[in-house]
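Everything below concerns the one structure shown next.
In what follows, every chain begins at residue 1, and chains take the letters A, B, ... in the order their sequences are listed.
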Number of protein chains: 2
Amino acid sequence: MKLSELFREKGVQEHYKKGQHIFRQGDENVNLYFVQSGFLKAYYLSNDGKEQVKSFITPNSVMGSLVSCYAKGKCSFSLASIEAATLIKLPFSYLLKHSQENLLLANQLQSLLLDLAMKKEKREYEFLCLPAEQRYLQLQNDTPELFTKATQNDIAHYLGITHVALSRIKKRLSSNSSAL
Amino acid sequence: MKLSELFREKGVQEHYKKGQHIFRQGDENVNLYFVQSGFLKAYYLSNDGKEQVKSFITPNSVMGSLVSCYAKGKCSFSLASIEAATLIKLPFSYLLKHSQENLLLANQLQSLLLDLAMKKEKREYEFLCLPAEQRYLQLQNDTPELFTKATQNDIAHYLGITHVALSRIKKRLSSNSSAL
DNA sequence: TCACTTTGTTAACCCAGGTTAATGAAGGAG
DNA sequence: CTCCTTCATTAACCTGGGTTAACAAAGTGA
């Protein structure tokens with residue numbers, strides 16, 4: 001059995017309107033979600049009530065709170081749709097159980113996790129080694145489609161800055177490039 | 001077969017002196033390392049030659065460059081010992097191959113990856129949502145033993161700041177606490 | 001149509017942290 | 001012991017980004 005089959009056969013399709021939440025920080029949510037269509041953002045609310053964007057989620061990816069799914073904690077972030085979305089919901093335990101008796105599935109979960117780990121490693125690198133301006137350029141390069149869907153505010157919070165700082169960066173970049 | 005057995009039976013023990021490198025950024029290194037003893041740091045050299053610490057590695061953990069092991073790229077960071085260390089080296093492909101036919105091993109690799117993913121998620125959260133001072137306090141809380149082994153410089157670079165800024169933070173904290 | 005909300009830009013002011021450099025303490029190596 | 005290197009602290013100066021607020025543009029709804 002393949003992962004996609006498991007989602008198709010055992011998962012439940014759900015529709016979300018723009019701006020709706022799939023789950024909220026503090027919830028217990030033990031599901032994985034496969035994104036069929038739409039556009040999501042995962043974000044943290046910090047202690048002082050400020051929003052910081054953990055990641056944007058595009059179609060054909062799998063999303064969920066590992067801490068809640070796997071470590072039986074509460075979701076450390078919220079998941080909401082930026083664009084009307086269709087998801088397939090599947091309890092993580094279901095996948096875990098099947099992966100304990102099905103090698104193909106176990107290996108698919110493995111490569112999912114390996115890809116996730118490498119993505120997170122990249123983000124860690126960017127926060128450690130690149131200034132905000134460079135992170136902005138990287139993002140433009142890596143996922144240009146994001147700029148048509150997310151607000152400047154969300155993009156800034158993904159980069160770890162405010163929308164005011166992002167606006168300044170854009171101005172700086174445009175004046176530099178025109179000066180060349 | 002368990003993961004620990006695989007390391008014990010198929011791995012090669014290696015000894016490193018303080019300050020020695022296990023691999024360097026740009027190398028191809030397809031091994032996983034199990035840390036028997038010692039203390040390591042993984043660090044990036046950014047374009048302008050500055051060092052940033054990706055992570056500290058304590059005994060009983062497994063370390064390696066996923067990008068090099070799994071994605072067949074070059075190591076994106078260097079791995080060096082801070083304290084004399086004994087490691088067991090095992091090609092990642094070996095683990096991957098066996099995990100494709102051995103469920104127990106596949107599930108152990110899985111939980112290794114899940115733990116890694118959660119650790120990285122925590123770090124991402126800290127960079128996004130916490131100021132340097134808070135990150136410092138967290139680190140003190142999470143791994144106090146680190147402060148006896150790593151230099152202020154390494155700790156600062158792990159926090160994403162310079163050792164000068166770290167010194168200022170410490171001063172700020174000590175004067176605040178004495179004022180209470 | 002007009003009112004209201006959301007979004008993006010810009011300015012003014014402030015502060016945390018970067019940079020550079022001086023100083024001192026600690027620890028080898030000879 | 002002396003020299004030299006590594007490590008930590010501190011000061012002076014500068015800059016990028018946070019904060020607040022004003023303003024304009026673009027939706028959105030009644």
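For the pair Arg168(A) CZ and dC14(C) C1', the computed distance is 11 Å after rounding to whole Å. As a whole-Å value, the separation of Phe147(B) CZ from dC7(D) P is 17 Å. Per the geometry, NZ belonging to Lys170(A) stands 19 Å off P belonging to dG16(D), to the nearest Å. Between the C1' atom of dT19(D) and the CG atom of Leu166(A) lies a distance of 16 Å, rounded to the nearest Å. Spacing between atom CD1 of Ile169(B) and atom C1' of dA8(D) amounts to 15 Å, rounded to whole angstrom units. Protein atom CG of Leu159(A) is 13 Å distant from nucleotide atom C1' of dG17(D), rounded to whole Å. The CG-P distance, from Asn153(A) to dT10(C), rounds to 16 Å in whole Å. Distance, His163(B) NE2 to dT19(C) P: 11 Å, rounded to whole Å.
Looking at heavy-atom distances under 4.0 Å, Gly160(A) makes contact with sugar-phosphate atoms alone, never a base. Across all strands, Thr151(A) comes closer than 4.0 Å only to sugar-phosphate atoms, never to a base (heavy-atom distances).
Checking side-chain atoms of Thr86(B) against main-chain N and O of His15(B) turns up no donor-acceptor pair under 3.5 Å. Between the side chain of Ser65(A) and the main chain of Ser68(A), a donor-acceptor pair closer than 3.5 Å is present. Judged purely by atom type and a 3.5 angstrom limit, Ser81(B) has no side-chain atom pairing as donor or acceptor with the backbone of Leu40(B).
Arg172(A) has a side-chain polar atom (N or O) that falls below the 4.0 Å cut-off from OP1 or OP2 of dG17(D). For dG18(D), one of the phosphate oxygens OP1 or OP2 lies less than 4.0 angstrom from a side-chain nitrogen or oxygen of Thr162(A). Phosphate contact (OP1/OP2 of dA16(C), side-chain N/O of Lys171(B), threshold under 4.0 Å): absent.
Within the 4.5 Å cutoff, no side-chain heavy atoms of Gln52(A) are placed close to those of Tyr125(B).
At most 12 non-hydrogen atoms from other residues, nucleotides or ligands lie less than 6.0 angstrom from CG of Asn47(A).
Ring pair Phe77(A)/Tyr44(A) is perpendicular by interplanar angle, where above 60° counts as perpendicular and below 30° as parallel.
Which of dG17(D), dA8(D), dT10(C) sits closest to the side chain of Ile161(A) comes down to dG17(D).
Listed in residue order, the members of residues 37-54 of chain A having a heavy atom less than 4.0 Å from DNA chain C come to none.
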Test log, rule salt bridge (Lys or Arg N to Asp or Glu O under 4.0 Å), inputs Glu126(A) and Lys122(A): CA-CA 6 Å; Glu126(A) 290 173 351; Lys122(A) 179 159 185 287; 3.1 Å; yes
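Counting only N and O atoms by type, the side chains of Tyr136(B) and Gln140(B) include a donor and acceptor under 3.5 Å apart.
Between Leu90(B) and the choices Val12(B), Leu6(B), Asn31(B), the side chain to side chain contact (heavy atoms under 4.5 Å, CB included) rule is met once, by Leu6(B).
An angle of 40°, rounded to 10°, separates the two end axes of the helix from dT1(C)-dA30(D) to dG30(C)-dC1(D), each defined over five pairs.
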